[in-house]
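These notes are about the structure you will find just below.
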Amino acid sequence: MSLNPRQIEAVRYLDGPLLVLAGAGSGKTRVITHKIAHLVGRGCAPKHVAAITFTNKAAREMQERIGAMAPGNRAVRELTISTFHALGVRILRGEAAALGLKPRFSILDADDAFAILAQLIGSVDKQTIRRAQWQISSWKNALLSPEEAEKQATDEQHATLARAYRQYDLTLRAYQAVDFDDLIGLPVQLFSEHADALGRWRDRLRYFLIDEYQDTNGAQYRLLRLLCGEAGRFTAVGDDDQAIYAWRGANVENLNTLQTDYPQLKVIKLEQNYRSTGRILQAANTLIANNPKLFEKRLWSELGAGEPVQVTAMKDEEHEAESVVMRIAAHRIQHRTAYADYAILYRGNHQARVFEQYLRNQRIPYRLSGGQSFFERAEIKDLTAYLRLVANVDDDPAFIRAVTTPRRGIGPQTLEALGAYAGERHMSMFAAVYELGLASRLKPQQLGPLRTFCDFINRIGHRAEQGEPARDVLDDLLSAIDYRSHLFDSLDTRDAETRWDNVQKFTAWLADKAEADEKTLLELTQTVALMNLLEGRNDESDAVSLSTIHAAKGLEFPYVFLVGVEEDILPHRESVEAGKIDEERRLMYVAVTRAQKQLFVSHCLKRRRGKEWQTCEPSRFIAELGEEAIRSGAKRDPDDRSDGIASLAALKAMLAKPGNATG
DNA sequence: AATTAATCTCTTTTT
DNA sequence: GAGATTAATT
């Protein structure tokens with residue numbers, strides 16, 4: 001497919017900073033990939049071009065698309081196509097010394113950070129710790145140091161949190177570890193303080209393309225500004241109407257800031273939509289017109305008017321689920337479509353349950369978005385704890401996890417004594433094990449296993465350093481700790497088997513990756529915390545998608561069922577109370593614009609809340625879709641769930657025919 | 001009083 | 001279906 005004039009303009013414009021306002025489905029990824037090709041074609045070396053995304057998935061997809069554009073071109077590998085965080089890791093790895101960090105620092109995930117804070121605060125109340133964690137993250141996103149946060153504190157509670165922030169950062173530094181926010185914040189700090197480092201990176205990365213620009217937070221924007229320099233060698237692509245991540249620090253204002261900081265900024269709008277039919281876009285436009293606008297934008301399409309948006313009132317959640325599932329089953333047969341052509345979108349994860357139930361009943365295959373990531377599974381975290389420790393023996397959280405899993409006669413008593421000793425001397429637990437003074441605090445039967453363990457880790461580390469193949473080192477590590485037996489001893493057979501399976505998948509993946517990227521195991525360990533293994537999980541199987549609206553951003557489906565569109569859900573009650581209707585409306589907008597051919601909106605009249613039934617109001621957003629684009633099913637008898645099918649009985653009969661509902 | 005069983009309530013999520 | 005809170009049971 002060729003580019004339209006606006007897209008061509010965006011691709012070719014290189015005279016200065018450029019902001020591309022790319023409406024939903026307007027081909028923004030195409031612009032980015034073509035622009036990369038254009039830059040290289042114009043003589044810019046691939047190693048000087050950087051495309052920045054928010055998720056690994058987006059980075060991978062971009063890589064694939066560029067690879068497809070220039071098959072067999074080795075130079076593609078020299079491009080920097082990575083997430084903000086992965087870029088941060090690369091910068092920090094190279095410049096760690098300037099920040100008093102060793103190059104093999106560890107990256108802590110949210111759980112590690114939570115555990116550290118819990119210990120620091122000494123509280124057991126999860127809510128409190130989560131709030132503290134959230135606050136610290138916001139401070140880091142705003143590039144506020146603990147000292148500055150403490151100075152700005154207006155009340156005692158804030159001051160306490162700021163002190164916790166300081167303690168937390170000190171702890172991280174002691175562990176030679178950073179958290180996710182540091183991956184952005186520390187490079188900013190580095191570049192602000194060390195002009196030479198900044199110069200090196202500016203020389204290295206000379207043009208930036210930023211995807212989903214509306215999702216950047218303060219720190220990310222600062223990092224970009226530093227790297228892009230005064231001249232503004234970048235193309236930022238984004239859509240203010242699709243900003244749905246303010247709650248985790250994203251700042252749509254960054255779109256405005258861009259205009260202030262770069263007065264020479266050129267703005268190009270992409271308004272032709274290649275995804276949806278006219279009525280869907282009309283509904284989306286009408287809806288979003290209710291929001292205050294940063295930039296005026298109106299999507300249009302050449303795909304014809306299409307079917308009206310169908311709005312249906314349902315009796316309750318079960319009816320909604322049954323109706324949606326039935327309609328999908330019937331629609332698929334009538335239109336000879338695939339299950340993968342359908343998506344059910346909802347506001348909150350818990351809403352998926354009823355639909356899962358009915359889909360299973362009907363033996364309809366489905367794919368559930370989200371869920372816990374591969375790396376959050378206990379068995380994977382066990383293994384990465386070992387790897388982290390091997391790469392950085394000062395990583396106390398990794399030490400504690402590894403030394404206690406599998407159990408090897410080292411329990412809380414021993415660890416407490418060890419931790420106290422290490423704390424007094426400002427050293428890591430691992431280092432403390434080899435201190436002579438420790439012997440007086442521990443019994444020989446406590447010290448023995450510790451020494452054995454640390455010797456073991458050192459040996460593995462030595463081998464990994466020598467560049468032994470990752471596969472060999474991993475296999476030996478696993479058999480030495482007898483992890484398989486650990487799983488089978490502590491779990492029932494079925495569970496143990498799947499977990500062992502996961503471990504093997506993980507090691508195989510690591511080994512492959514090490515080989516493909518020509519990296520040692522230790523180098524790989526550096527970035528493992530940022531990756532998710534879903535990379536390889538290109539589910540080819542035909543299945544209905546179940547997804548939160550958030551997780552569906554960037555995706556598209558021929559037929560979309562948007563469910564539970566009620567007040568207190570979408571918009572969510574807490575957002576209404578906080579006066580954050582605009583973001584909820586954008587969320588609705590994102591949901592509507594996922595649909596290519598037809599959109600089905602439904603809301604329940606009643607919902608079970610514990611014992612009693614609660615009546616539900618249809619969402620204000622339904623009315624905001626406008627009259628014209630909608631066909632309402634509300635007039636019908638609410639007991640009739642057939643919705644366009646002659647009767648429920650006929651539908652069931654149709655589905656009962658053999659060979660239709662395959663599982 | 002402490003432990004277990006029943007009960008209810010769920011923002012959104014990546015790195 | 002988890003995780004927290006409350007009721008029930010020992």
Side-chain angles (χ1 to χ4, degrees), chain A residues 52-60 82-90 92 106-114 124-128 130 133-134 137 140-141 178-187 211-212 215-217 219-220 223 242-250 317 345-357 360 368-376 526-535 547-554 564 566-578 580-581 583-588 590-591 607-614:
Chain A
I52 309 298
T53 66
F54 275 86
T55 64
N56 290 308
K57 193 169 152 233
R60 197 188 83 245
S82 82
T83 62
F84 270 101
H85 297 267
L87 177 65
V89 173
R90 246 179 81 192
L92 288 182
S106 299
I107 301 165
L108 300 184
D109 65 21
D111 286 344
D112 295 318
F114 184 93
V124 276
D125 178 23
K126 286 191 171 176
Q127 198 100 52
T128 313
R130 270 226 305 274
Q133 200 175 9
W134 183 85
S137 179
K140 287 192 175 188
N141 286 164
V178 302
D179 62 20
F180 285 134
D181 298 320
D182 289 335
L183 294 178
I184 313 297
L186 290 178
D211 192 21
E212 304 281 15
D215 288 339
T216 51
N217 65 35
Q220 286 159 341
L223 181 58
Q242 292 188 71
I244 55 174
Y245 284 110
W247 53 272
R248 70 175 198 216
E317 265 186 298
L345 304 182
Y346 37 81
R347 175 67 222 257
N349 270 315
H350 62 278
Q351 290 175 263
R353 292 209 47 207
V354 214
F355 292 94
E356 271 191 272
Q357 222 169 21
R360 259 205 293 265
L368 194 65
S369 84
Q372 92 275 48
S373 110
F374 195 79
F375 283 87
E376 277 158 22
Q526 282 287 307
T527 47
V528 137
L530 299 176
M531 302 191 270
N532 61 71
L533 199 59
L534 305 176
E535 277 186 32
S547 174
T548 61
I549 302 169
H550 283 93
K553 191 167 90 153
E566 293 141 47
E567 286 293 303
D568 291 359
I569 294 180
L570 179 65
H572 196 272
R573 188 165 44 84
E574 299 197 14
S575 295
V576 178
E577 280 163 8
K580 290 174 177 160
I581 294 290
E583 178 146 323
E584 296 289 301
R585 191 176 281 111
R586 291 194 290 267
L587 197 53
M588 176 82 176
V590 167
R607 216 167 255 278
R608 223 192 160 77
R609 263 195 50 162
K611 275 179 189 161
E612 67 248 45
W613 288 89
Q614 195 192 38

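Chain identifiers are assigned alphabetically (A, B, ...) following the order of the sequence lines, protein sequences preceding nucleic acid strands; residue numbering begins at 1 within each chain. Any value given below was found using the heavy atoms of this structure, including those in side chains, with hydrogens, waters and symmetry copies removed.
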Exercise for review: Would you mind reporting whether A/Tyr346 and A/Ile569 have side-chain heavy atoms less than 4.5 Å apart?
Suggested key: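 Result no, sub-4.5 Å side-chain heavy-atom pair not found.
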Distance, rounded to the nearest Å, where [X] contributes [atom1] and [N] contributes [atom2]:
X: A/Arg60; N: B/dT15; atom1: CZ; atom2: P; answer: 11 Å
X: A/Asp109; N: B/dT13; atom1: CG; atom2: P; answer: 18 Å
X: A/Asp568; N: B/dC10; atom1: CG; atom2: P; answer: 11 Å
X: A/Arg347; N: B/dT12; atom1: CZ; atom2: C1'; answer: 5 Å
X: A/Glu212; N: B/dT13; atom1: CD; atom2: P; answer: 15 Å
X: A/Asp111; N: C/dG3; atom1: CG; atom2: P; answer: 11 Å
X: A/Glu317; N: B/dT9; atom1: CD; atom2: C1'; answer: 12 Å
X: A/Tyr245; N: B/dT12; atom1: OH; atom2: P; answer: 11 Å

For [X], which residues count as a side chain to side chain contact (heavy atoms under 4.5 Å, CB included) partner, sequence neighbours excluded?
X: A/Glu567; value: A/Pro571, A/Glu617, A/Ser619, A/Arg620
X: A/Asp181; value: A/Ser137, A/Lys140, A/Asn141, A/Asp179
X: A/Thr83; value: A/Thr53, A/Asn56, A/His85, A/Ala86

[X] over [N], stacked by centroid distance under 5.5 Å, angle under 30°:
X: A/His350; N: B/dC10; answer: yes
X: A/Trp247; N: B/dT12; answer: yes
X: A/His572; N: B/dT11; answer: yes

Point to revise | Minimum heavy-atom distance A/Thr548-A/Ser369, with the two atoms named | key: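 Answer, listing the atom of A/Thr548 first, then A/Ser369: N-OG, 3.7 Å.
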Nucleotide of [options] approaching [X] most closely (side-chain heavy atoms):
X: A/Asn56; options: B/dT15, B/dT11, B/dT13; value: B/dT15
X: A/Glu584; options: B/dT11, B/dT12, B/dT14; value: B/dT11
X: A/Thr548; options: B/dT13, B/dC10, B/dT15; value: B/dT13
X: A/Arg248; options: B/dT11, B/dT13, B/dT15; value: B/dT13

**Study point:** Set of residues satisfying salt bridge (Lys or Arg N to Asp or Glu O under 4.0 Å) with respect to A/Arg130, sequence neighbours excluded
**Key:**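 Scan of A/Arg130 (salt bridge (Lys or Arg N to Asp or Glu O under 4.0 Å), adjacent residues dropped) gives none.
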Check your understanding: With A/Arg586, which residues qualify under salt bridge (Lys or Arg N to Asp or Glu O under 4.0 Å), at least two apart?
Key ->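 Counting only residues at least two positions away or on another chain, A/Arg586 forms a salt bridge (Lys or Arg N to Asp or Glu O under 4.0 Å) with A/Glu583.
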**Study point:** Interatomic spacing from CZ in A/Arg90 to CG in A/Leu183 - rounded to 0.5 Å
**Key:**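 It is 14.0 Å, given to the nearest 0.5 Å.
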**Study point:** Residues which pass ring-ring contact (aromatic ring centres under 6.0 Å, His included) with A/Trp247, listed by chain and number, not counting sequence neighbours
**Key:**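 So A/Trp247 forms a ring-ring contact (aromatic ring centres under 6.0 Å, His included) with A/Tyr245, A/His550.
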Check your understanding: For A/Phe180, what residues pass the ring-ring contact (aromatic ring centres under 6.0 Å, His included) criterion, not counting sequence neighbours?
Key ->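 ring-ring contact (aromatic ring centres under 6.0 Å, His included) check on A/Phe180 returns nothing, list empty.
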If you restrict it to nitrogen or oxygen atoms, what contacts under 3.5 Å exist between nucleotides 4-6 of chain B and the protein, and what is each distance?
none

Check your understanding: For B/dT12, is chi within 90° of 0 (syn) or not (anti)?
Key ->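 Nucleotide B/dT12 adopts anti.
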Short heteroatom pairs, N/O only, protein and nucleotides 4-6 of chain C, under 3.5 Å:
| from | atom 1 | to | atom 2 | distance (Å) |
| --- | --- | --- | --- | --- |
| C/dA4 | OP1 | A/Lys126 | NZ | 3.4 |

Practice item. Would you indicate, yes or no, if B/dT15 has its OP1 or OP2 atom less than 4.0 angstrom from a side-chain nitrogen or oxygen of A/Asn217? Key: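 Checking B/dT15 against A/Asn217, no side-chain N or O comes under 4.0 Å of OP1 or OP2.
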